[in-house]
Protein chains: 4
Amino acid sequence: MDTKETILAAADQVFGEVGYDAATTREIAESCGVNKALIHYHFKNKEGLLAAVLDRYYDRLGAEVAGALGGAATLRDKLVRLVDAYADFLGQNLRFCRIVQREASGGMHADKIRDRMVPIFELGRAALVAEYPASATGDLAAEHLLISVYGLIVTWFTYGDVIAPLLGSAPAAKRQLTARKRHVRRIVTLLLDALERPAAPTRSAGEIGG
Amino acid sequence: MDTKETILAAADQVFGEVGYDAATTREIAESCGVNKALIHYHFKNKEGLLAAVLDRYYDRLGAEVAGALGGAATLRDKLVRLVDAYADFLGQNLRFCRIVQREASGGMHADKIRDRMVPIFELGRAALVAEYPASATGDLAAEHLLISVYGLIVTWFTYGDVIAPLLGSAPAAKRQLTARKRHVRRIVTLLLDALERPAAPTRSAGEIGG
Amino acid sequence: MDTKETILAAADQVFGEVGYDAATTREIAESCGVNKALIHYHFKNKEGLLAAVLDRYYDRLGAEVAGALGGAATLRDKLVRLVDAYADFLGQNLRFCRIVQREASGGMHADKIRDRMVPIFELGRAALVAEYPASATGDLAAEHLLISVYGLIVTWFTYGDVIAPLLGSAPAAKRQLTARKRHVRRIVTLLLDALERPAAPTRSAGEIGG
Amino acid sequence: MDTKETILAAADQVFGEVGYDAATTREIAESCGVNKALIHYHFKNKEGLLAAVLDRYYDRLGAEVAGALGGAATLRDKLVRLVDAYADFLGQNLRFCRIVQREASGGMHADKIRDRMVPIFELGRAALVAEYPASATGDLAAEHLLISVYGLIVTWFTYGDVIAPLLGSAPAAKRQLTARKRHVRRIVTLLLDALERPAAPTRSAGEIGG
DNA sequence: GATGAATGAGTATTCATTCAT
DNA sequence: TATGAATGAATACTCATTCAT
């Protein structure tokens, strides 16, 4: 019925499974019983199709994040809620995870991803710095914290195939996901605690490399 | 004579820049002035070429990790040293980072990557659990800790293009890399501190989401 | 209302610029803001569209030729007038020139062009032979004369891009066009003079080639 | 055996028959039993293939022209010989005629054609002006004369399909070709005679249009 | 080891045309 | 008349791989 949505769903599936480069318009079209030329009619390009797929995800993710940061709770509670929301979103949208993972780094679609992620990061940074002045700079600077929390969550899913043998079950399984969320929440707690304490000096001796 | 090495270097370059799927044997061959057919003579396959590139990296990475964990220091010191070594290795081998990032998740080369990464993780887990019994299970279970540390480091590089606008300079720049290492070291310290304390209870009430 | 005319004008433009084969119905439709399907509604075919474009031109050209040959002047004067009229018409309708140039030779539209040009040529031949019996046959036979005059004019325009560097300005520029008309008129004069003289013998000895 | 030549011959055939745009690499490859990809291997492009076809023709044509203008005869004799040589060449290479006819005007290959034709024209102009000072400017300026002679010959072939009904046989048939050469030679003779006479004034009154 | 030629399957994309509304 | 969606065939071009030399 809604051809455009049909194509989007199929593209999401195929892009998520084999990646943008290995995906073919033929496979996408056939997998949803739509004429190949319609992809170009509706999305102009294979690239336009990817952009549409990503936009759909980021619209939902943006709403999720805004929802978690909104409301009347303390920032600490909001952040904890955000971690959960983020983890749930990625756990429920593993294909999105995979697409971003593949295309974020150095590809020709990095721009698209950056344009959607940066505002989300900015939002988080503003909130953090406002509440925790210590995060304005130093070891626990907001930009590092945010990347860290993001990495803690996303790595769980994108290295799923790699770590599965260490866990005994898939990382996105409900049991594993719950455990992971508790782990990340714990780290976030430790970090916020640290931010609230007077600055703990880093051991500056014995630094290696770099 | 060094044709094989020449090809490997070129493949590393091209795979790292555009990814395995988008890379072509022609580009690899031309970029190092070698006949295209020689790639198949020496490596059988495009896939064999990727495997060779990855093996070279993992051999070096394995040595790096073994070196950091060896010796007579305390485990805490070893782990801190490991974080630095890992970060330095990835910072100096961004193309390796990108390749793994792209291929680890869901692709047809995930096996290869898993086979090389799992032993490294196992090594870390054994060391951790031996010294910190609290890491055998619970919020700070070894497998979560290891993935976390790995994610804290790797995300910095693989989302480099994305977060660059938030930093003002490239994440692999010496200054940024040093800051990142200090950040991760700080988190590791917090985590080990927590492992040494009697179990701090997680707020189990009010959990949100999935 | 004038949709049909709008499409015709756009088709004329596009066919003239890139040729029938390279022209696309999409480009024609978009260039005049009309729905692509309307082309088929009004003209049945891409081919029908070309036919309509050509017909419009040939209707005007036929009138032009008839006008030049009509009236009470001597045939010599009429022919001179015809040369001018033809040159002016083509100079003002370069796209027509290009279309005919491309499609007259061997294409699938040659029929259409032949059907419209032959009557015009027949008209000229009848007039010539009636006035100049010497043109019934021989070196200056009417069919050769007519093709020649046609070629003298049309080549100027269709090889415009080629000879432009030899001239310093575009062949259809007023100054160049005036010079060309004077040149062709001069040749026509020489030819009519020759037709009026008692048969000048061609050097039949020493012929070279085919 | 010589695949490159095989492809060139097939491309010549197909380009000549249906034109560059309507020609397909598939048809060219199939018509000479060669793998489609080999066209791109040997010529890089469909466009490169056309360039190679044209180059082959122009190399031969250039030699032909140089041969006709060389030697110890009077310029008048040389020019007459040139007309014959040109006519023979085009008569024997009708496909070349057609290709140039189609692509010379406004297409994207006009450059290629211009680059090869201009030197040939320059050659002729230099010879003309040296011997006939009257052709330096005026009604019978060399550039007009050359275009005219070129047009007189080429039009005969390129409008072959159009004028065939007026002639009863194909323009490239030996009998018709001989007649045409005699006609053009006659015009050339008239023109050279005129160039040798003291300047005949053009009737400047009664000019029409422009 | 090394090379140039060859191959067949496959790619994204485009096109004229049709059709239901 | 007009339109947006749909279609199937076709197009230039690319790719990993093979092979004779």
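Chain letters run A, B, ... following the sequence lines, proteins first and then strands; every chain starts at 1.
The nearest pair of heavy atoms linking A:T158 to B:S105 is O-CB, 3.4 Å. The nearest pair of heavy atoms linking B:K36 to B:A29 is CA-CB, 3.7 Å. Pairing each heavy atom of C:A104 with each of C:I113, the nearest pair is N-CD1, 3.7 Å.
Taking atom CG of residue B:D2 and atom P of nucleotide E:dA2, one finds them 10 Å apart after rounding to whole Å. Summarising the geometry, the separation between CD1 on A:I7 and P on E:dT13 is reported as 14 Å, rounded to the nearest angstrom.
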Please list, one pair per line, the donor and acceptor atoms closer than 3.5 Å that link side chains of residues 42-55 of chain A to other protein atoms, with sequence neighbours excluded.
unit_1 : atom_1 : unit_2 : atom_2 : d
A:K46  : NZ     : A:Y20  : O      : 2.9
A:K46  : NZ     : A:A23  : O      : 2.9
A:D55  : OD1    : A:R116 : NH1    : 2.9

- Task: Under the side chain to side chain contact (heavy atoms under 4.5 Å, CB included) rule, what do A:R56 and A:E5 come out as? Steps first, then yes or no, please.
- Result: CA-CA 10 Å; A:R56 223 174 37 154; A:E5 280 302 318; 3.0 Å; yes

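Near DNA chain F, meaning a heavy atom under 4.0 Å from it, residues 32-45 of chain D has D:K36, D:A37, D:H40, D:N45 in order of number. Taking a 4.0 Å limit (strictly below) on heavy-atom distances, residues 47-57 of chain D does not reach DNA chain F anywhere. Within residues 11-30 of chain C, no residue has a heavy atom under 4.0 Å from DNA chain F.
C:Y159 places a side-chain heavy atom less than 4.5 Å from the side chain of D:V100. Considering only heavy atoms from C-beta on, A:R95 comes within 4.5 Å of A:Y57 through its side chain. Within the 4.5 Å cutoff, the side chain of B:I28 has heavy atoms near those of the B:F15 side chain. Considering only heavy atoms from C-beta on, C:N35 stays 4.5 Å or farther from C:Y41 through its side chain. Counting heavy atoms from C-beta outward, B:N93 and B:R60 have side chains that approach closer than 4.5 Å.
Stem list for DNA chain F (at least 3 consecutive Watson-Crick or G-U pairs, distances under 3.5 Å): E:2-21 with F:2-21.
Checked for salt-bridge contact, D:D111 and D:R114 meet the test: a charged N lies under 4.0 Å from a carboxylate O.
For the pair B:T3 and E:dA2, the criterion of a side-chain N or O lying under 4.0 Å from OP1 or OP2 is met.
For CZ of C:R26, the number of neighbouring non-hydrogen atoms (other residues, nucleotides, ligands) closer than 6.0 Å is 12 at most.
Remark: A:A164 engages no residue in a side chain to side chain contact (heavy atoms under 4.5 Å, CB included) (not counting sequence neighbours).
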